[in-house]
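So the structure is just underneath, and the comments pick up after that.
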Amino acid sequence: MLTSLPSFSRLNQMASSDPPPQYQQQQTPGYQGQQPLYPQLPGIPNQSLQQQGQGQYGYSVQPYSSYPAPVPSGPSYGNKAAQVTNPIGPYNPQSSSLYTQQQQEGGQYRYPQPTQGMQSSSTQLSPQQLESISKDEDPIYGPLSRARNKIDRSIISDNEISPDLADGLNVSLQSSEPYVHPPSTASAFKPAKVTKRTPLPDALHQELNYKHLTAKMGLFEDIERAWFTVDNKLFLWDYSDGRDFSRYDEQNDTIQAVGLVRARKDVFVDEITYVLVICTSTKTTLLGLSKSPNSREINLYATNLSVETPTAMIDIKGTLAGRIFMLGANKDLYELDYSSDSSWFFGSSTKVGLHNRSSGSLANWTPGFLASKTKEGVETFAVDAQQGRLYTLHTNGELEMLDVSGINYQSRARYTKLIHDLNRNQQGGNVSIVSLSVIGGHESKRACLIAIASNGCRVYFGISNGFWPLIFRNPIPSQANLPVSSQSFYSSGTYFSVQHDNSAPMPQTQLSIAVPYCGRQSALRENAESYEGPALQEWTTTEIIPSQVWTIVELPSTNPAFSAPSLTTSNGTVLSALPRQATTQAREFLVLATSGLFWVSQPRPIDMLQDDLDLEKDAAINAMQLQFGKSQLAAMSLQLGATTDLKQFDLASAISTILLSSGEPIIKDGTGGKNITYSGRHDGLALVIARYLRPIWNVKVTIPSGIPGRQMLAVGESTLLAVQGRLEKLRRYLDEHPFQRYQAEGDAKVAWDQEDLSIHGLEVLLKQAVEAISFVLLLSDYKISDVILRTDPQTQQTLANLTFQGLLTSLDGKDVAKRLVTALIEQQIGQELGIDTLSEILQQRCGTFCQPGDVVMYKAEESMRRAEGARDFGERSDSLAESLRLFTRAAGSIPVGRLQDVAKRYRNMQYTVGAIELPLKTAVELDPSDKAVDYVRDGEHPNDPRKGLFEVRKQCYEMVIEALGMFDELLDKATAQGNPASATQKRDEAYALAIASDDELFHFYLYDWHVERGLQEQLLEFDTPYIEQYLKLTINNVEDRRDLLWKFYARREDYLPAAEALSSLATRPSPMVLHDRLYYLAQALTSAKSAASIGSEDVEFTSRLQEQIDVAQVQSEVARGVETHPDMSADEKNGVLSKLNTDLLQLDELYQNFARPLRLYEPILLILKTADTRIDDVCEAVWRQLIGSYRLSGNVAMSDNIISLCKRYFPSEAAPLDIMVPVVYAEAQGCQGGRAGWASSALLDGGVPLRDLWEAAVGLYENSDDDERDYYAEEVSVLTSKWIGKKDEIPAAEVERFASAYLLRTNGTQMDQAKRETRDRLTAAKQAAVRY
């Protein structure tokens, strides 16, 4: 069985008592009682204790308090001795530039400047347009939408200053240096520093008092333990408190190597998460290790898994999947494999084996003394546990990359020229590789490995274009002129160059530390508006450890490699130190040396700011702004204000100075209009809020829970509480220290107003985020899965796709939140629990998501349910009235779906007042500014944003209509049953409540409902303030609706408005036929005259009506002419008639567009008559055409035509005598047959006065030639015959004079029958004239 090792638990007593004061972590000055252990380091001769002969145990330790002064931070470019004499150039044909060390200019630090010739990198940050507040903007979600854009922009900005490591390696720095000074010599800006030393445990020293052959040490940072081996004993020490020191002594042989590897799945029980690998010179043993997540205690378990080994193992590493690789002293690489074929814990089914991955399986058992002393093999190796890669350095300098993902072990690439590259500029060619360090996938997708050379050069390898060096980086300039040790360490950008110095009076180790300078891109962007690409620059510093160093590790809790997904970009690259500092602490490293355990801290930029403000306020502000950028500095200052004691070194004053000096917003002209660049304080606020929100911003609120149809929180409560805590501290700080407002003129005023508008949105978002997290946590407390199940499927689907960003800033999020609150309350009510306490909690913690109106609504629901369950009529009535009162108070916040349910329940209980008044009240409350009314008046454009309010109000009105319809149906049923009294009362009450509403839009909806049911005549009975306007707005050409308005006036004896309505009907464009237009005009004229009869006469209007009728008659005549036109097809006629029926046209239109081009002759005459306009040529041509067309029909037909035309158009400008009479006589001459003077008779019968016709005919006679004179004489003679019966119309003297002249002229001439008849008529006329 697997058992806990008894010897291990017993040895906890070794450190059970408190150590003496001199053993505490902060050792007192002068302490020399602790023995260091000397590591067996490659390339450094081991010195025996006897040779050193110092101190009680053969050595002495320099006190921590009196360590040598550290080398000044950063490269000492002025010190020639410190410079590397043989800089290494890259062996890369694609890059001919060398990273050379730059001289300091004038002794001053050169802050980041735009690099000449460097290409600007692409950026997703487009210019920011000016913003405005629309009149329809939601007071909360309008600012939130603006703030959302700022947060997204800040997240993009943070992503862009967190590039792939390979991007920084591939860019030539040109005028910039690979190593740069920190911005100040102040200790605050030291990029890494020893902060604490913990002495090694006293129990270890007691073990070392005994004779021993081998002692080694190392660190297992994953379980927070240091390990030590003394001969065959293994000790584990909890370095966090320095007290727990345990021993394992089950091995018989000297322990050569120890390793900690992840346990393979499905081999051990779940509690065992690691495997402790213990190697002696002949055997490897596996122990199971468990560590409680809630305590620091660990337990070891025997597994009975061990394997014989052909050589001693000197290095052990593993993968995340639990594969174990070991490097033998024979320079072979081995893999230890173990597995279990059954579910039983261990036993015969558990297998363990050793595979030689370098020389094949036969080499496993080659005795060590037979192995070649000069055998080529593996010098060292490194494992990329996360990406499944293994890198080996062979003794010949060859590098190999292998794929160890899954069960693979395949060589993928080799590089054989590394040693040649490193030594091509060296005298003697003695540079070698001492260590390999993996570049994690969180740093780069293209760079994969760093090979550290013995001279301190770092070679970065990439895999994007083959396994090839990307760059050869020079040694740190400040490092000592000593070989670099294999203990050198690299982790997530931070590099420790380890150099052992045994020539000093006391053995010591120099740590040259290089830390990425993370502010270069942001400083160039924010201070110089230069969007350059990334370039890897490093700050450097030096620390002295007063003994030799065994190993260096980084604490997993601060290692960016284990960052949460929220602290990475979309491609998995971890964010730089600037964005990370908002939610993470300073990085911590452990340096294990023979003189103790040293804690090295890599301060964040904000830590540097805080420490330096305490030392030199103004200089610190200037240095930080130039080094990181004004927005980054503002963000750090706000974070400091929110998280630290403002009384500390007058921090509040310093923060105020930073914000005041962060610049001002600027308006600029851009291609798309004016743009704005906000001040540093604005962008800093956006940055810090974005960094606080980043862990949840783009994360879904819920995820499937594993049970079909159920959802659970996607983010842990601890994360939500952490985010909320940071946001709440920032909100309180801003409340207590509001941003200063500025007065300005012109564009500057616009810029400051824009900034204030944007900052307001960010502050709204800050408050909203705090409340939203409280809301989500509250739902979690009440079993959010159950609450979600109570919502409708659409809400569940929306929630499943909703991110925290959407919950905070979108209207969908607002709607989902309201539905969740409703479901939560209903859950409480369903469990018969009171809601007062819950309502109070909702309002206190998340008032945005639960308004006071919501609480009222929930109480109204309780009253409603009491009413539904009440049996007593009085109780039921009281509960209904109370529910209506409460629902009415919350009318503005009732969702439409909820309102529909309530209204339906009121109808079911026949609660008339509730069924009518609540929907009407809600409609008004949802649109208090009557924007829906304006929407209707403005034409109901489909893209109008007010359409939504209109649709919501319509839904409310539909509920009222449903209630009215229900009461109508109840009345019909009651009437059929012979008992209509009660139903009539309820129906009348319902209609009275509806008609009494002062909602104009509802009245319109009610009237439309009547018309749809064919009850439009009932509208004339309504006596409301809105019916007249409704009829005016909705009048149309539908026969049963167009008469409503004028009839409405006529019933009320308002004849003049009735006449105006009729006139409007007749004259507006519409498909109404012309006949109907004439009818309405005639009705309008009648109404106008009726108005005149009661003293409301409008003379001008009446005259205009008459004129319109006249013109309409002309149009009608034109239409008839078109209908009878002989030369037009049916389609042509229909086309013209449709135009004539659309509208009443003007006379000029009728003439130019219809009568003249279509040659409608009579309509032309009617137009001339109606217009009272004389056009001689037109008139003459028309008359000739009209009369001449009857020439072949005979004189009778022509005579009838003349009579008809004269009666219609004489007297008028359409029939002037000087045109009409000559044309008639001329056309009559060409018409054969008929009695003498028939043309004149026709004219007289048509209404031409005898006197006028006499003058016209005499004139024609006198001005005619001889050929026509006889014809006109005949016509005049007929007129004289007519005169004899009407002697008063023509003077007798004129008749006698004309007759005498004619008789004299024709005396003695030869005459035919017609002339004799003419002479006889004139003779008789002369005699009559003489007698008269």
Side-chain angles (χ1 to χ4, degrees), residues 140 143-144 146-155 157-158 566-567 575 578-585 604-607 609-610 613 628 630-648 651-660 662 678-697 715 718-741 755-756 758-777 804-805 807-809 845-848:
I140 294 179
L144 285 176
R146 291 191 292 273
R148 178 182 62 240
N149 297 333
K150 306 301 187 305
I151 299 303
D152 287 338
R153 183 181 180 87
S154 297
I155 289 175
S157 177
D158 278 348
S566 61
L567 293 179
L575 296 178
L578 279 171
R580 272 204 329 272
Q581 66 183 343
T583 54
T584 60
Q585 298 301 312
R604 304 167 298 172
I606 192 173
D607 300 324
L609 172 64
Q610 183 174 4
L613 284 175
F628 296 101
K630 57 185 180 180
S631 299
Q632 301 296 334
L633 176 57
M636 286 186 268
S637 70
L638 290 168
Q639 183 180 339
L640 275 179
T643 57
T644 58
D645 181 6
L646 295 181
K647 295 179 181 179
Q648 180 184 356
L651 183 58
S653 173
I655 294 174
S656 177
T657 302
I658 292 172
L659 297 179
L660 288 173
S662 63
Y678 291 103
S679 71
R681 67 167 190 170
H682 169 280
D683 289 347
L685 176 61
L687 278 172
V688 72
I689 295 176
R691 290 166 182 174
Y692 284 168
L693 284 172
R694 187 166 187 137
I696 64 172
W697 183 249
V715 181
S718 59
T719 301
L720 291 174
L721 287 170
V723 172
Q724 184 186 45
R726 299 185 189 107
L727 293 170
E728 177 60 21
K729 289 178 181 178
L730 180 61
R731 186 189 67 80
R732 284 202 300 265
Y733 172 79
L734 292 176
D735 286 345
E736 296 170 2
H737 304 84
F739 283 174
Q740 182 176 340
R741 298 179 65 89
E755 176 146 313
D756 290 342
S758 184
I759 287 176
H760 170 67
L762 291 170
E763 291 173 340
V764 172
L765 174 61
L766 194 58
K767 179 177 182 293
Q768 178 84 344
V770 172
E771 294 192 0
I773 294 174
S774 291
F775 176 64
V776 173
L777 291 172
F804 276 91
Q805 177 194 148
L807 176 65
L808 295 177
T809 63
R845 293 188 190 177
C846 37
T848 303

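Quick caveat: nothing in here was measured; it's all calculated off a predicted structure.
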Would you say the side chain of [Y] lies within less than 4.5 Å of the side chain of [X], judging by non-hydrogen atoms?
{"X": "T583", "Y": "R691", "result": "no"}
{"X": "L633", "Y": "F628", "result": "no"}
{"X": "D756", "Y": "F739", "result": "no"}
{"X": "S679", "Y": "E755", "result": "yes"}
{"X": "L762", "Y": "L766", "result": "no"}
{"X": "I773", "Y": "I696", "result": "yes"}

>> Using side chain to side chain contact (heavy atoms under 4.5 Å, CB included), reason through M636 and R604 one step at a time and then give a plain yes or no.
In response: CA-CA 10 Å; M636 286 186 268; R604 304 167 298 172; over 6 Å; no
Spacing of [atom1] belonging to [X] relative to [atom2] belonging to [Y], to within rounding of 0.5 Å:
{"X": "K767", "Y": "L808", "atom1": "NZ", "atom2": "CG", "answer": "12.5 Å"}
{"X": "L721", "Y": "S774", "atom1": "CG", "atom2": "OG", "answer": "9.0 Å"}
{"X": "R731", "Y": "Y692", "atom1": "CZ", "atom2": "OH", "answer": "14.0 Å"}
{"X": "Q632", "Y": "D683", "atom1": "CD", "atom2": "CG", "answer": "9.5 Å"}
{"X": "L578", "Y": "D158", "atom1": "CG", "atom2": "CG", "answer": "8.0 Å"}
{"X": "L693", "Y": "R726", "atom1": "CG", "atom2": "CZ", "answer": "10.5 Å"}

> Quick check: does any side chain N or O of T657 sit under 3.5 Å from a backbone N or O of S653, one acting as donor and the other as acceptor?
Replying inline: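 Yes, T657 side chain to S653 backbone: donor-acceptor pair under 3.5 Å.
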>> Checking L638 against L659 for the side chain to side chain contact (heavy atoms under 4.5 Å, CB included) test, could you report, in this order, the C-alpha distance in whole Å, the side-chain angles of both residues, the deciding distance, and whether it holds?
In response: CA-CA 9 Å; L638 290 168; L659 297 179; 4.1 Å; yes
> Are T644 and Q610 linked by a side-chain donor-acceptor pair shorter than 3.5 Å?
Replying inline: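 Not at all, the side chains of T644 and Q610 share no donor-acceptor pair under 3.5 Å.
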> So, R732 and E736, do they make that salt bridge, N to O below 4.0 Å?
Replying inline: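 Between E736 and R732 there is no salt bridge, as every charged N stays at least 4.0 Å from the carboxylate O atoms.
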Indicate the atoms forming the closest heavy-atom contact of [X] with [Y], along with that distance.
{"X": "S662", "Y": "R681", "value": "OG-N, 3.1 Å"}
{"X": "A634", "Y": "G680", "value": "CB-O, 3.3 Å"}
{"X": "A769", "Y": "L727", "value": "CB-CD1, 3.7 Å"}
{"X": "L575", "Y": "R580", "value": "O-NH1, 2.5 Å"}
{"X": "L687", "Y": "A635", "value": "CB-CB, 4.1 Å"}
{"X": "L807", "Y": "Q768", "value": "O-NE2, 4.4 Å"}

>> Please evaluate residues D607 and Q581 with respect to the criterion side chain to side chain contact (heavy atoms under 4.5 Å, CB included), reporting the C-alpha separation (whole Å), side-chain torsions for both, the decisive distance (0.1 Å), and the verdict.
In response: CA-CA 9 Å; D607 300 324; Q581 66 183 343; over 6 Å; no
> For H737, which residues count as a ring pair (Phe, Tyr, Trp, His ring centres under 6.0 Å) partner, sequence neighbours excluded?
Replying inline: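 Y733.
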>> List the residues meeting ring pair (Phe, Tyr, Trp, His ring centres under 6.0 Å) with F804, not counting sequence neighbours, and say none if there are none.
In response: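 Once residues adjacent in sequence are excluded, F804 has no partner under the ring pair (Phe, Tyr, Trp, His ring centres under 6.0 Å) criterion.
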> Taking only residues two or more places apart in sequence, or in another chain, which ones meet T809 in a side-chain contact (heavy atoms from CB on, under 4.5 Å)?
Replying inline: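 Testing T809 for side-chain contact (heavy atoms from CB on, under 4.5 Å), a comparison that skips the adjacent residues, returns L144, R148, W697, L765, Q805.
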>> As a quick check of understanding, evaluate side chain to side chain contact (heavy atoms under 4.5 Å, CB included) for K150 and H682, giving each step before the final call.
In response: CA-CA 10 Å; K150 306 301 187 305; H682 169 280; 4.1 Å; yes
